[in-house]
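The next block holds one structure in the form of structure tokens; read it before the comments.
In what follows, every heavy atom counts, from backbone to side chain, and hydrogens, waters and symmetry copies are set aside. Note that the structure is predicted; figures quoted are calculated from it, not measured.
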There are 2 protein chains.
Amino acid sequence: MDTININGIIQEASCDQELAAIKDSLEILGGKWKLRIMRHLNNRHAEKNTFKKLQREIEGISAKMLSKELQDLEMNLLISRTVMDTRPITVNYAITEYGLSVLPVTETLVQWGLNHRQKIKA
Amino acid sequence: MDTININGIIQEASCDQELAAIKDSLEILGGKWKLRIMRHLNNRHAEKNTFKKLQREIEGISAKMLSKELQDLEMNLLISRTVMDTRPITVNYAITEYGLSVLPVTETLVQWGLNHRQKIKA
DNA sequence: CGGAATCCGGCCCGATACTG
DNA sequence: CAGTATCGGGCCGGATTCCG
């Protein structure tokens, strides 16, 4: 990944790509709720996760934010949205197989965050 | 990490910790400039990185943001700030040994971001 | 029930000007 | 050179209301 470079040009090019990748990651996974929703869906993947259930269980989130965040995640193929044929209708959300790929990322952030809290205390 | 739980209590507790850790990580490493600065300092760790040099090389950042972000990073022990006894004075910034610990995190984000761009295109 | 629409406060961040 | 002060726009995110 650290490419050998001739007067910095190759490195700069790959660096731009990497910066864009970081930006993408932070935009898609960053913010107050996205990773929290992903982790929640993963923890409860055996259950039906309706909108209302998610709103109850993800403490503090408003309907507006939950709706918006779910749309964002769905657009990025990280979760699936299924309208159930019930009365009244319910909608079921689930993490996709591709969505599982974010879990290692969250795990990295969890580990760094835990370690950092230790470091700052010391 | 996924602790066995009795009626969910232990899992909820550890989950709260992990959520706080994620929040910490995103607050400390998130935003538009922090990781970019960290990567820049790491790439140029062999050089003297003065305020002005950083502002020139990190494209688009204003003095105000650079100043603020550097302060945040220093508070979290991720970079060091050294006032050089030159005339006029210059200040040298460098990544700390502890600061190196964020590089694997950024690498994870880079990899996920690159992979995601492929996925979305398909 | 699952949303969309609206309003609004705060802060993230940029531009500009100024200081030691 | 290395910052601060000030202003202001935009967007994140919360509260409330309304719709199918």
Side-chain angles (χ1 to χ4, degrees), chain A residues 19-20 22-41 44 47-76 78-95, chain B residues 19-20 22-38 40-41 44 47-76 79-95:
Chain A
L19 289 173
I22 290 181
K23 193 177 164 218
D24 287 354
S25 295
L26 288 179
E27 276 175 5
I28 294 165
L29 305 177
K32 188 169 178 180
W33 299 111
K34 295 215 173 61
L35 287 181
R36 186 149 177 186
I37 294 171
M38 290 300 287
R39 285 170 65 82
H40 195 87
L41 285 177
R44 322 266 170 141
E47 312 170 23
K48 293 278 177 229
N49 290 290
T50 66
F51 188 91
K52 208 62 173 183
K53 179 165 177 289
L54 288 175
Q55 198 184 351
R56 268 198 314 270
E57 292 174 351
I58 300 177
E59 203 165 346
I61 196 168
S62 67
K64 171 185 160 185
M65 287 312 296
L66 182 54
S67 172
K68 180 180 168 301
E69 303 288 88
L70 288 171
Q71 283 180 35
D72 290 347
L73 293 172
E74 188 194 3
M75 260 198 302
N76 283 299
L78 299 171
I79 65 172
S80 66
R81 178 182 186 277
T82 314
V83 179
M84 309 300 281
D85 198 4
T86 54
R87 287 191 51 89
I89 63 161
T90 56
V91 181
N92 191 39
Y93 294 92
I95 195 168
Chain B
L19 289 173
I22 290 181
K23 193 178 164 214
D24 287 354
S25 295
L26 288 179
E27 276 175 6
I28 294 165
L29 305 177
K32 187 169 178 180
W33 299 110
K34 296 216 172 63
L35 287 181
R36 187 150 175 186
I37 293 171
M38 290 301 288
H40 194 87
L41 285 177
R44 321 268 170 140
E47 311 171 22
K48 295 276 175 229
N49 290 291
T50 65
F51 188 92
K52 206 64 174 182
K53 180 165 176 290
L54 289 174
Q55 197 184 353
R56 267 197 315 270
E57 292 174 353
I58 300 177
E59 202 165 345
I61 196 167
S62 66
K64 171 185 157 186
M65 286 311 297
L66 182 55
S67 172
K68 179 183 169 301
E69 303 288 89
L70 288 171
Q71 284 179 35
D72 290 347
L73 293 173
E74 188 193 3
M75 261 198 301
N76 282 300
I79 66 172
S80 67
R81 178 182 186 277
T82 314
V83 179
M84 309 300 282
D85 197 6
T86 55
R87 287 191 52 88
I89 63 161
T90 56
V91 180
N92 191 38
Y93 293 92
I95 195 168

- [ ] Go through D/dG3, C/dG2, D/dA2 for me and flag the one nearest to the B/K52 side chain.
- [x] D/dA2
Task: Length of the CD1-P vector between B/I61 and C/dC13, whole Å - done: 10 Å
Open item on the list: My understanding is that only residues two or more places apart in sequence, or in another chain, count here; which of them pass side chain to side chain donor-acceptor pair (under 3.5 Å) with A/R36?
Closed with: none
Task: Whole angstrom value for the distance that separates P of C/dC13 from CD1 of B/I58 - done: 14 Å
- [ ] Determine the minimum heavy-atom distance between B/L54 and B/H40, stating which atoms define it.
- [x] CD2-CD2, 3.7 Å
Open item on the list: Quick check on contacts: within residues 82-89 of chain B, what sits under 4.0 Å from DNA chain D by heavy-atom distance?
Closed with: B/P88, B/I89
List, with names and distances, any nitrogen or oxygen atoms from the protein found under 3.5 Å away from nitrogen or oxygen atoms belonging to nucleotides 10-13 of chain D.
from, atom 1, to, atom 2, distance (Å)
D/dG13, OP1, A/K32, N, 3.2

Task: Short side-chain N/O contact from B/Y93 to OP1 or OP2 of D/dC1, under 4.0 Å - done: no
- [ ] Write down the distance between CG (B/D72) and P (D/dG3), rounded to a whole number of angstrom.
- [x] 14 Å
TODO: Check salt bridge (Lys or Arg N to Asp or Glu O under 4.0 Å) between A/E47 and all other residues, then give those that pass, not counting sequence neighbours.
DONE: A/K53
TODO: Round to the nearest Å and state the distance from B/Q55 atom CD to C/dT16 atom P.
DONE: 13 Å
Open item on the list: For a quick test of reading the model, state the closest non-hydrogen atom pair linking A/L73 to A/I37 and the distance between them.
Closed with: CD1-CG2, 3.8 Å
Open item on the list: Taking salt bridge (Lys or Arg N to Asp or Glu O under 4.0 Å) as the definition, give me every residue that meets it alongside A/D72, ordered by chain and number, with sequence neighbours left out.
Closed with: A/K34, A/K68
Open item on the list: If the condition is side-chain contact (heavy atoms from CB on, under 4.5 Å), which residues does A/K23 pass it with, not counting sequence neighbours?
Closed with: A/E27
Task: Qualifying residues under side-chain contact (heavy atoms from CB on, under 4.5 Å), relative to A/A20, sequence neighbours excluded - done: B/R117
TODO: Specify the separation, in whole Å, of atom CD of B/E74 and atom C1' of D/dG3.
DONE: 13 Å
- [ ] Find the distance B/E27:CD to C/dC12:P and express it as a whole number of Å.
- [x] 9 Å
Open item on the list: Counting only side-chain heavy atoms from C-beta out, which of C/dG2, D/dG3, D/dC1 sits nearest to B/T90?
Closed with: D/dC1
TODO: Mind checking side chain to side chain donor-acceptor pair (under 3.5 Å) for A/T86 and listing every partner two or more places apart, or none if nothing turns up?
DONE: A/T90
- [ ] Specify the separation, in whole Å, of atom CG of B/L70 and atom P of C/dC13.
- [x] 14 Å
Task: side-chain N/O A/Q71 vs C/dG2 OP1/OP2, d < 4.0 Å - done: no
TODO: Using whole Å, report how far CG of A/L66 lies from P of D/dA15.
DONE: 14 Å
Task: Partners passing side-chain contact (heavy atoms from CB on, under 4.5 Å) against A/E74 (at least two apart in sequence or in another chain) - done: A/I79, A/R81
- [ ] Kindly say if B/T50 contacts the phosphate of D/dC1, meaning a side-chain N or O under 4.0 Å from OP1 or OP2.
- [x] no
